[in-house]
Protein chains: 2
Amino acid sequence: MASKSNIKTSNKKEKRLESIKKAHSKKNTFTTTMEDYLEVISELVELKGYASPTDISNYMNVRPPSVTKMLRRLDADGYLKYTKYQGLKLTAKGTSIANDIRQKHSDLLDFFEIIGVDSSAANKDVEGIEHHMNPKTMKQLRKFTTFLKSNPNLLLSFDRANL
Amino acid sequence: MASKSNIKTSNKKEKRLESIKKAHSKKNTFTTTMEDYLEVISELVELKGYASPTDISNYMNVRPPSVTKMLRRLDADGYLKYTKYQGLKLTAKGTSIANDIRQKHSDLLDFFEIIGVDSSAANKDVEGIEHHMNPKTMKQLRKFTTFLKSNPNLLLSFDRANL
DNA sequence: TCTCAATGTGTTTAGCTGAGAACTTTTCTA
DNA sequence: TAGAAAAGTTCTCAGCTAAACACATTGAGA
């Protein structure tokens with residue numbers, strides 16, 4: 001009886017530990033939505049020097065309360081420094097991620113243009129896939145695109161075949 | 001006063017209509033997870049002639065109750081015919097989607113192999129992006145891959161440059 | 001200084017995905 | 001063929017993401 005009871009206790013403890021673990025690991029989750037926010041913020045800063053919640057709300061097509069919530073989260077996770085009513089500033093960590101994703105975006109667009117996808121469709125696809133490409137894969141793609149560009153005759157013959 | 005009251009009523013009616021609309025449109029949502037299930041099911045059927053909940057559970061890395069739930073959903077939305085304890089059968093609609101996604105998967109793998117992404121990384125990326133590629137983009141990519149394959153010397157010079 | 005637009009907060013809603021426990025059905029085997 | 005084992009199902013619940021509404025607060029310009 002005593003041992004059975006101990007087993008039960010042990011199971012409970014395990015469950016408790018597991019939920020604590022989950023609760024903590026949650027902190028580290030970085031979602032594609034967060035990535036999108038960082039991308040938009042970085043572009044706004046480049047465009048007009050700052051990024052107001054209202055601007056972000058417009059570009060992300062979400063309501064201002066959602067923006068505030070996300071800004072607090074991005075701040076808590078160290079991607080930017082956000083002081084209410086005072087504006088925000090990307091940290092090194094946030095800047096790095098924003099640059100990464102913007103680089104991916106433009107590299108992918110580049111490639112899609114080369115293979116003849118019209119820019120409207122290309123943009124749509126890129127937004128979907130840019131969050132799922134490993135750095136290694138992007139590196140290869142970049143190499144390949146560079147190679148293609150350095151051999152314009154190849155592209156010309158593809159374009160001819162592609163009529 | 002009467003008019004104000006009318007406006008309120010009108011707003012309420014609008015909201016009611018909107019929620020009805022949402023309730024109905026919900027039916028049409030098709031998620032990437034559903035697409036994954038269809039893909040796995042289709043592959044299992046090809047492999048061993050049928051797809052049991054346990055098999056699906058293994059391949060999807062989820063517990064059986066989750067599988068049952070998804071099967072009921074896929075049935076309700078017309079992607080397959082599912083009779084409990086009796087097995088399932090993809091409908092034309094479900095087959096078409098499964099084929100589409102499997103085609104995308106292999107075309108993307110094909111391309112990644114050509115540009116020199118190792119198959120482990122390639123597989124991982126493909127799983128992420130296959131759900132986000134438009135048919136038009138895939139068509140162009142397919143054309144491009146075919147073009148490359150029909151000009152092996154191009155690939156050779158890329159491989160040389162890529163050492 | 002007062003007002004109004006912008007911004008922030010707390011709370012609620014909605015959806016997706018998944019899991020555990022307990023039960024039912026089917027299958028296997030002794 | 002009975003009865004145990006395996007497979008499948010149902011019910012209930014939880015975690016997470018995302019967004020909206022209602023309301024409170026702030027601050028900049030008339």
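Chain letters run A, B, ... following the sequence lines, proteins first, then strands; residues in each count from 1. Only a predicted model underlies this, so the values are computations on that prediction, with no experimental measurement involved.
By the side chain to side chain donor-acceptor pair (under 3.5 Å) test, A:E35 pairs with A:H131, sequence neighbours left out. Looking at residues two or more places apart in sequence or on another chain, you find a side chain to side chain donor-acceptor pair (under 3.5 Å) between A:H105 and A:E39, A:N123, A:E130. With sequence neighbours excluded, no residue forms a salt bridge (charged side-chain N to carboxylate O under 4.0 Å, His left out) with B:D125. Partners of B:D118 under the side chain to side chain donor-acceptor pair (under 3.5 Å) rule, at least two apart in sequence or in another chain, are A:K136. Scored by the side-chain contact (heavy atoms from CB on, under 4.5 Å) test, A:P65 finds A:R63 as partners (sequence neighbours excluded).
Between A:D77 atom CG and D:dC16 atom P there is a gap of 13 Å when expressed in whole angstrom units. Distance CG (A:L88) to C1' (C:dA6): 15 Å, rounded to an integer number of Å. Distance CG (B:D75) to C1' (D:dT9): 15 Å, rounded to an integer number of Å. The separation between B:E35 atom CD and C:dC16 atom P is 15 Å, rounded to whole Å. C:dG18 atom P lies 9 Å from atom CG of B:D36, rounded to whole Å. Distance B:F30 CZ to C:dC16 P: 12 Å, rounded to the nearest Å. Distance, A:I56 CD1 to C:dG8 P: 9 Å, rounded to whole Å.
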Quiz item: Hey, mind stepping through A:Q103 and A:N99 against side-chain hydrogen bond (donor to acceptor under 3.5 Å, both in side chains) and telling me if it holds?
Solution: CA-CA 6 Å; A:Q103 180 74 50; A:N99 287 344; over 6 Å; no
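A sub-4.0 Å separation between OP1 or OP2 of C:dG15 and a side-chain N or O of B:T29 is absent. In this structure, A:T31 does not reach the D:dT17 phosphate: none of its side-chain N or O atoms is under 4.0 Å from OP1 or OP2. The phosphate of C:dA21 (OP1 or OP2) has no side-chain N or O of B:R63 nearer than 4.0 angstrom.
Nearest-nucleotide mapping onto DNA chain D: of A:Y37 and A:Q86, the residue sitting toward the 5' end is A:Y37.
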Protein-nucleic acid N or O pairs under 3.5 Å, nucleotides 5-7 of chain D:
none

Dump the pairs, protein N or O against N or O of nucleotides 10-12 of chain D, anything under 3.5 Å, distances to one decimal.
from	atom 1	to	atom 2	distance (Å)
D:dT10	OP1	B:K84	NZ	3.1

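To the nearest 0.5 Å, the span separating NZ on A:K143 from CZ on B:F158 amounts to 7.0 Å.
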Enumerate donor-acceptor pairs with a distance under 3.5 Å from any side-chain N or O in residues 41-51 of chain A to protein atoms, sequence neighbours excluded.
from	atom 1	to	atom 2	distance (Å)
A:S42	OG	A:R102	NH1	2.8
A:E46	OE1	A:R102	NH1	3.2
A:E46	OE1	A:R102	NH2	3.1
A:E46	OE2	A:R102	NH2	3.3
A:K48	NZ	A:D55	OD1	3.4
A:K48	NZ	A:D55	OD2	3.0

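Residues in residues 108-128 of chain B take part in these ring-ring contact (aromatic ring centres under 6.0 Å, His included) pairs, two or more places apart or across chains: A:F111-B:F111.
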